[in-house]
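By convention in this document, chain letters (A, B, ...) are assigned in the order of the sequence lines, proteins followed by strands, and residues within each chain are numbered from 1.
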Amino acid sequence: MSTTSQKHRDFVGEPMGDKPVIALSGIGETLGKKLEEQGFDKAFVVLGQFLLLKKDTEMFTDWLKDATGANSRQAGSCAQCLKEWCDAFL
Amino acid sequence: MSLFSNMSAEEISYLLDEHGIKHGPVVDSTRNLYERKLKEAMAKRKQAKPSPDKTFYREEEEEVTYVYRTPTKSENFMESRPYMRSKTAEELEHSASYSGYSRSSEYRGRDYDELSHKLPVGPKTAPIRSGQDAPKAPKSPRLIPLWVQFLCFLAVAVFLYFVFSSMESSEPLKVIE
């Protein structure tokens, strides 16, 4: 992840507040809908899952791929942005 | 999945620990992931089952090499050698007394060059002397490297240690003075 997307920088740059899941880097409308169906309607709920997995990006990537059918790049991007957000604000 | 679905969260976390998987709390949202990880780990462990056999073979190989090495190093082998040589010496004497000089000279020619040097000493006394020398001849080329190498190494090590210790002890004294 040498280059980060604008979405990534926007998310990591400030507290997430009540942002929706689609604000997460790597989560588009399709994946966002799948997450919401499983109860992950807010970005902080996904953050909760990330924290439950002890901020393990590999575990979180696997979970996201399994839960939403995301590909490795999408899941990795989401995990990376949550990890950086935790490093900045937790 | 059916294997783990009946298990409690504690059992699953215990299994995860056993398989060396780092994990957080096993709750509804993480349970599926951990079950899958456990399944993968168990599949890997089943695949890895042949490998312990391989390690067993390796251990056996090591034991075999160890057995081969020990006789060369142990003194029992060194002690057994002279007995072997003394027997051959007796045979030499017997062969010399029974079949004559020419036969014993053949023996000596086969065995060692040193014996051939002692050939001109005497036709009948030579086999006996050479027979006595025979056990010494195989001893010396084997004993000298072993003991002398050990002694040389120890001497050099002790010498270097003394030099090193004296250098260490003398320098602070100069500083103090």
Hey, could you give me the NZ/CD distance between B:K37 and A:E58, rounded to the nearest 0.5 Å? 7.0 Å

Report yes or no: does B:R36 contribute a side-chain atom to a donor-acceptor pair with the main-chain N or O of A:D62 at less than 3.5 Å? yes

A:K54 and B:G24: which non-hydrogen atoms are nearest, and at how many Å? CE-CA, 3.8 Å

What about A:F50 and A:V21, same hydrophobic cluster or not, with Ile/Leu/Val/Met/Phe/Trp/Tyr joined at side-chain heavy-atom distances under 4.5 Å?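 The answer is yes; both residues are in one hydrophobic cluster.
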
Non-hydrogen atoms of A:W63 and B:S29 that approach each other most closely: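 A:W63 and B:S29 have their closest heavy atoms at NE1-O, 3.5 Å.
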
Within 6.0 Å of OH in B:Y14, more than 12 heavy atoms from elsewhere: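 Count not over threshold, so no.
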
Nearest-0.5 Å distance that lies between atom NE2 in B:H23 and atom CE in A:M59: 8.5 Å

Check whether more than 12 heavy atoms from other residues, nucleotides or ligands sit under 6.0 Å from atom CD of A:E29, and answer yes or no.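 At most 12 heavy atoms, drawn from other residues, nucleotides or ligands, come within 6.0 Å of this atom.
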
Taking CG in A:D87 as the centre, count heavy atoms belonging to other residues, nucleotides or ligands within less than 6.0 Å. Is the count above 12? yes

Counting only heavy atoms from other residues, nucleotides and ligands, does the tally under 6.0 Å from CD1 of A:I22 exceed 12? no

